[in-house]
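See below for the structure under consideration.
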Amino acid sequence: MPPAITAEGLVKKYGDTVALDGMDLSVPEGTVFGLLGPNGAGKTTTVRILTTLLRPDAGRAAVAGFDVVADADRLRAHIGVSGQYAAVDDHLTGAENLEMVGRLYHLGAKRSRRRARELLERFDLTDAADRPVQGYSGGMRRRLDLAGALVADPPVLFLDEPTTGLDPRARTTLWDVVAELVAGGTTVLLTTQYLEEADRLAETIAVVDHGRVIALGTADQLKDRIGGDRIQVTVESAVDLETVRRTLAPLAIGDVQTDAVASQVTIPVVNGAAALTAALGRLAAEGVVVRDAGLRRPTLDEVFLTLTGHHTVEHTKESVR
Amino acid sequence: MTAITSPRVKAPSVRVGPLSTLRQTMTLAWRSLVQIKHNPMELLELSLQPIMFVLLFVFVFGGAIAGSTENYIQFALPGIIVQNAVFATLTTAIGLNTDIAKGVFDRLRSLPIARTAPLAGRVIADLTKQVWSIAIVLGLGMLLGFRLNNGPAGVLGATALLLVVALAVSWVSVLIGVIASEPEKVQIFAFVLLMPLTFTSNVFVPSATMPGALRAWAEINPVSVLADAVRGLLSGGPVATPILQSLLWAAAITVVFAPLAIRALRRKT
C-alpha cells in the first residue's frame, strides 16, 4: 500500500529564516504519525505545506496520492485540518459553523445539519450547539474546530497541536477520537510539543528540530537509541545529592542529572537491574538515606536533549486562547 | 456513542464547476448574513453613522449652508448616502482581516471549494448590507422631507450605481483587509483616508465655494461625481455625465486595486 503522506526534501524560507531545511516524511496509511519538536522547529510549516496552504520553495510532497502543488485542488477533498488556533466563526453558533462546512462539501442542507448534530454530540457540545461561538471557552472552540475537520470524514487528517490549551478531560476525548478514527482506517499526522501525547498516540514519531527530521522511529526505538535505562534516586535530604552524584557517577554511561527541587538524581546506565543493585549497595555504604529508587525507560524529553542538546519545551509556555 | 464516520465524500473534479462555485459562494454569503440574526446590533451599527450625519448636518448646518433645512436635505442626502456607501465597504476589510487573523480563512482554503468563493461570498453579503443602509438613510431622509422626483426607477438606478462603485471600492477594502495587521488598523485607515476623501467633495457643500486647488480636486473626486449622479437619479437633474464619470472611476479603481488585492491575497500563501 502506498504511503498516505510523503515528503521529500521540503524547504521553506521566510527571508533569511529557514523554516524547513530538507524535511522528509513517509506516513503509512491508517497510522498515526507524530511530529515532535519545540516551537519554531517547522512543524506547522510542514502541516501548512501538506494541506496546500503554503507552497514549498523546494522539494515535493504528496497526500493521498496527490501532489501538494500540482494536484492541490483534488488533494483538498481528501484531507481534514485542525489548526493550532481554533478556526471557527465567533458570530455563528456551533451548529451553524459545522453546517457551513457540510454545505461547502455539498452534503446538502439536511445531511449537513444531521452531520453537525452527530459531531456536536461526539464532542460534548450538544448543549452549546445553538449558542454563538463567541461565548465558548477555549477548549470548546478547539473541539468545535476539530469537529469541523471531520465533517466530510477525510481519509487523511492533520492535527496541529490538537490538545494545546485543552483541559485533561477534553484531551482524553480527543485522544479517544483519534484512536477511533485510526481504527476506521484514517491516517493522522499530528504535531505536538507534548512527549506524553506523541508517546501515547503515535505509532511513529519524527523528532523535528531546525526544519528537519533528526530522529525517526517508535517511541521505544527512540528511547533505545539514546541507550539503556535510567536509575532515578530520590533522597530524604537535598544535602546528600552531591554524595549520590559522586558515588554513582562511575556507573553512568552519560550525563548525570540532578534535580534539587525533587531531591532526585538520574543516571543513565546499561544493564539496568544489575546497575540498580550496584547503585543501592554503594549508597548504603556511603550511609545515604534513600527515599525512593527505581529503574525507568528514558523519557522523550531525554531523547530530545540527547539528540539536540536542548529540551523540547524549555522556553515554551502552554498557550491558552 | 455516535459513530464518528460517515460515507466518504466523493472527490470532486479538478476544477470546481460554475454551479458549485455559485453554491459555495452563496453558502459563504449566508455565513456572513446569518450572523445578523445573532447580533442584530450589527445592523444598527451599520446605520448609526449615516443617521447621525443626516441629523447633524441637516439640522445644525443646513440653515447656514442652504438657507433652510428643507433645501439642504435635498442637496445633502444623496451625498451622505454615497459617503456611507464608501465607509460601508470597510465591512469587507474588517471581516476579511478577522478571518485571516483567526485562521478561518485558512480553514476555508483547505476545503475543496472554488478559490474565489470565500471572497465572493463575503463581498455579496456586504453588498446586501449596503442595500440595507441605503434604504435606512433614504427612509430617514424621506421622513425629514427629502423628495424623490424620479420615483422608484430613480431609486433603483441610484442603488445599482452605488453597488457598482461599492464593488469597485471593495477591492481597496480587500487589499486593506489583507495587509492590515489587525481590525483596529482598518478603522484607523478609514479615519485618515476616507474622512478627508469624503469631506473634500461636494457631499456637504457645493464645490464652487471652495478655494482653487481644493475645488479642482473636489470636482473630480469620485465621491463628488457619484454624489452628483445619485442626486440626479433621486431628485432630478443631469445624470449622463456623472454616471459615466462614476463608472470610469469604478473601472479605474478596479484596474488598479484588483490586481494589488489579488497579489496580496496570494502572498498570504
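The figures here come from the full heavy-atom set of this structure, side chains too, leaving out hydrogens, waters and symmetry mates. Remember, it's a predicted structure, so these values are computed and weren't measured experimentally. Chain naming here is simple, since letters A, B, ... match the order of the sequence lines and numbering starts at 1 in each.
- With hydrogens and angles disregarded, a donor-acceptor distance shorter than 3.5 Å links the side chain of B:R107 to the backbone of A:D145.
- Across all their heavy atoms, A:A87 and B:G103 have their closest contact at CB-O, 3.2 Å.
- Of all the listed residues (A:A72, A:G148, A:P132), the one sharing the greatest number of non-hydrogen pairs under 4.5 Å with chain B is A:G148.
- Heavy-atom neighbours of chain A within the stretch residues 27-35 of chain B, taken at a separation under 4.5 angstrom, comprise B:T27, B:L28, B:W30, B:R31, B:V34, B:Q35.
- For A:V88, the part lying near chain B is the backbone, with the side chain staying farther off; criterion is any non-hydrogen pair under 4.5 Å.
- For the pair A:L104 and B:I113, the tightest heavy-atom approach, listed with the atom from each and the gap, is O-CG2, 3.6 Å.
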Compile the donor-acceptor pairs under 3.5 Å between side chains in residues 182-192 of chain B and protein atoms, sequence neighbours left out, one pair per line.
| from | atom 1 | to | atom 2 | distance (Å) |
| --- | --- | --- | --- | --- |
| B:E182 | OE2 | B:K185 | NZ | 3.4 |
| B:K185 | NZ | B:S181 | OG | 3.0 |

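- Ion pair A:D90/B:K102 flagged as a salt bridge, since at least one NZ, NE, NH1 or NH2 atom sits closer than 4.0 Å to an Asp/Glu carboxylate oxygen.
- Annotation: salt bridge (Lys or Arg N to Asp or Glu O under 4.0 Å) contacts of B:R115 (sequence neighbours excluded): none.
- Residue contact with chain A, scored on non-hydrogen atoms closer than 4.5 Å, involves the side chain of B:L108 exclusively.
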Just list the side-chain donor-acceptor pairs under 3.5 Å for residues 79-90 of chain B, sequence neighbours left out, or say none.
| from | atom 1 | to | atom 2 | distance (Å) |
| --- | --- | --- | --- | --- |
| B:Q83 | NE2 | B:T198 | OG1 | 3.3 |
| B:N84 | ND2 | B:S133 | OG | 3.3 |
| B:T89 | OG1 | B:V86 | O | 2.5 |

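- Distance alone, capped at 3.5 Å, places no donor-acceptor pair between the A:R76 side chain and the B:S110 backbone.
- Contact annotation for A:A147: neither backbone nor side-chain heavy atoms come within less than 4.5 Å of a heavy atom of chain B.
- Remark: of the listed residues A:Q134, A:E96, A:R131, A:E96 is the sole one forming a side chain to side chain contact (heavy atoms under 4.5 Å, CB included) with B:H38.
- In this structure, no portion of A:N97 lies under 4.5 Å from any heavy atom of chain B.
- Separation of atoms CE (A:M100) and CG (B:L111) is listed at 7.5 Å; rounding is to 0.5 Å.
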